[in-house]
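Below, each value reflects all heavy atoms present in this structure, side chains not excepted, and no hydrogens, waters or symmetry copies.
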Amino acid sequence: FAFCSDFAITGNWAAQVRTTEAITLSKTVGTTPGVCAATSSLSVDTGTTVYYCYTVTNTGSTTLTTHDLVDDQLGAIFTGHSHSLAPGASISTVTLGISVPAVINTTTTNTATWTSGALSASASATVTVPSYNVSASVSDPAAGSASCVPPTVLSGASSVCTATANAGYVFTGWSGDCSGSNPVCTLSGVQRDMAVTANFSAAFTVTASVNNPAGGSAACVPALVAAGGSSTCTATANAGYVFTGWSGACSGSNPVCTLNAIAANTAVTANFSAAAVNPIPTLESWGLLLLSGLVGWLAYPGRRRAG
């Protein structure tokens with residue numbers, strides 16, 4: 001500084017010079033341990049572990065020796081830490097060998113305060129977890145319904161979509177971000193808005209009956225079939241009966257019948273009959289006379305010797 005006089009006043013004078021002591025703090029966040037990241041804002045998936053770095057700079061003219069650091073979300077990072085921080089010098093928690101990790105499950109802003117003696121400075125860092133919409137629609141509102149839970153998902157989380165067919169319809173498969181014919185679809189690791197469509201078709205019944213309930217049973221699987229679909233019918237005979245053939249939409253004597261390209265309600269009948277019983281052999285009357293004569297001849301030993 002400079003003192004200038006216009007000589008209007010004469011006399012003695014004195015000046016006292018004081019220095020201004022201060023510190024500044026910066027806070028950054030990244031995903032690599034042991035590295036002081038270059039940004040104070042970050043976007044991650046939910047459940048990600050991030051690492052904070054706190055850097056203090058002595059902007060005054062006096063060496064600072066004792067330090068405290070408190071984070072409003074993580075609590076005290078250290079208290080009474082001894083370090084000689086010269087004027088103009090900087091030090092970070094990474095340089096000090098202090099790791100400050102945190103698991104982020106939702107958007108979070110942390111504010112930290114670094115204190116050295118009577119001096120303090122604050123800084124913040126924000127970690128954002130984006131959220132995305134998962135929407136469900138149907139090909140025909142009269143045919144069924146679909147929903148995804150939850151419909152709003154944090155980045156990296158999951159949503160489960162379920163399709164439900166109305167009476168007279170069947171679920172035929174997903175389109176959009178779901179695929180396949182399973183009516184339950186799980187979307188994992190969502191990182192964008194997603195949309196699914198549940199597709200349904202009018203259904204036809206395939207009914208199996210038997211001509212004689214005592215003779216056996218019959219079943220067609222599936223019993224509810226989308227237009228153009230297939231069903232396999234199987235006849236099973238009970239003990240003492242045999243399967244004799246199909247009537248209705250199935251034919252032939254093979255107990256397994258496959259119906260393809262079904263385009264209407266369909267019925268089949270499995271026919272059974274009692275199994276044939278082999279008779280026990282019997283002797284005619286002349287055979288009985290011959291047998292009785294032989295027995296009589298064998299009853300007299302004397303005759304056998306004479307012969």
Side-chain angles (χ1 to χ4, degrees), residues 31 42-50 102-109 126-210 217-236 248-250 256-268 270:
T31 57
L42 188 66
S43 181
V44 299
D45 288 345
T46 185
T48 300
T49 298
V50 300
V103 178
I104 302 300
N105 291 308
T106 187
T107 297
T108 304
T109 297
T126 299
V127 182
T128 301
V129 180
S131 61
Y132 301 104
N133 296 321
V134 181
S135 60
S137 61
V138 296
S139 58
D140 180 2
S145 60
S147 63
C148 296
V149 179
T152 301
V153 182
L154 290 174
S155 180
S158 300
S159 183
V160 177
C161 302
T162 304
T164 305
N166 290 340
Y169 294 86
V170 291
F171 173 69
T172 57
W174 294 100
S175 54
D177 288 305
C178 280
S179 61
S181 58
N182 190 326
V184 178
C185 166
T186 299
L187 298 170
S188 301
V190 175
Q191 292 183 320
R192 59 178 175 83
D193 289 339
M194 306 189 88
V196 302
T197 300
N199 301 294
F200 302 93
S201 171
F204 299 110
T205 59
V206 182
T207 305
S209 61
V210 297
S217 60
C220 296
V221 179
L224 195 64
V225 183
S230 301
S231 182
T232 299
C233 302
T234 304
T236 305
C250 283
V256 178
C257 166
T258 299
L259 299 169
N260 296 311
I262 295 172
N265 292 335
T266 304
V268 300

**Study point:** Those residues that, when tested against Ser209, pass side chain to side chain contact (heavy atoms under 4.5 Å, CB included) (two or more places apart)
**Key:** Thr269
Check your understanding: Looking at OG1 of Thr164 and CZ of Phe200, how far apart are the two atoms once the value is rounded to the nearest 0.5 Å?
Key -> 7.0 Å
Check your understanding: So do the side chains of Ile104 and Thr46 get within less than 4.5 Å of each other, counting heavy atoms only?
Key -> no
Check your understanding: Is the distance between the SG atoms of Cys161 and Cys148 less than 2.5 Å?
Key -> yes
**Study point:** Atom pair OG1/CG of Thr197 and Asp140 - distance to nearest 0.5 Å
**Key:** 12.5 Å
Practice item. Among Pro130, Ser43, Ser131, find the one that has a side-chain contact (heavy atoms from CB on, under 4.5 Å) with Ser155. Key: Pro130
Point to revise | Main-chain N/O of Asp193 paired to Asn133 side chain as donor or acceptor, under 3.5 Å | key: no
Check your understanding: Can we say the SG-SG distance for Cys220 and Cys233 is below 2.5 Å?
Key -> yes
Review point. Between Thr128 and Thr107, does a side-chain hydrogen bond (donor to acceptor under 3.5 Å, both in side chains) hold up when you go through it step by step?
Key: CA-CA 4 Å; Thr128 301; Thr107 297; 4.7 Å; no
Check your understanding: Heavy-atom distance under 4.5 Å between the side chains of Val221 and Thr232, does that happen here?
Key -> no
Check your understanding: So which pairs with a foot in residues 171-187 pass side chain to side chain donor-acceptor pair (under 3.5 Å), sequence neighbours left out?
Key -> Ser175-Asn199, Asp177-Arg192
Point to revise | Residue that, paired with Val160, satisfies side-chain contact (heavy atoms from CB on, under 4.5 Å) out of Leu187, Val184, Val134 | key: Val184
Revision key, fill the gap. Closest non-hydrogen atoms of Val103 and Gly47, given as atom of the first, atom of the second and distance, are CG1-O, 3.8 Å
**Study point:** Contact summary for Ala146 and Ser137, nearest pair of heavy atoms
**Key:** CB-O, 4.0 Å
Practice item. Could you pull out the closest heavy-atom pair between Ala157 and Val153, with the gap in Å? Key: CB-CG1, 3.4 Å
Check your understanding: Between Val170 and Ala226, what is the shortest heavy-atom contact and its length?
Key -> CG2-CB, 3.4 Å
Review point. Tell me, which pairs form a salt bridge (charged side-chain N to carboxylate O under 4.0 Å, His left out) where one or both residues lie in residues 219-229, sequence neighbours left out?
Key: none
Point to revise | side-chain contact (heavy atoms from CB on, under 4.5 Å) evaluation trace for Thr266 with Thr205 | key: CA-CA 6 Å; Thr266 304; Thr205 59; over 6 Å; no
Exercise for review: Over all heavy atoms of both residues, which pair between Thr106 and Val129 is shortest? Give the atoms and the distance, please.
Suggested key: C-CG2, 3.7 Å
Point to revise | Nearest-0.5 Å distance that lies between atom OG in Ser230 and atom CG in Leu259 | key: 8.0 Å
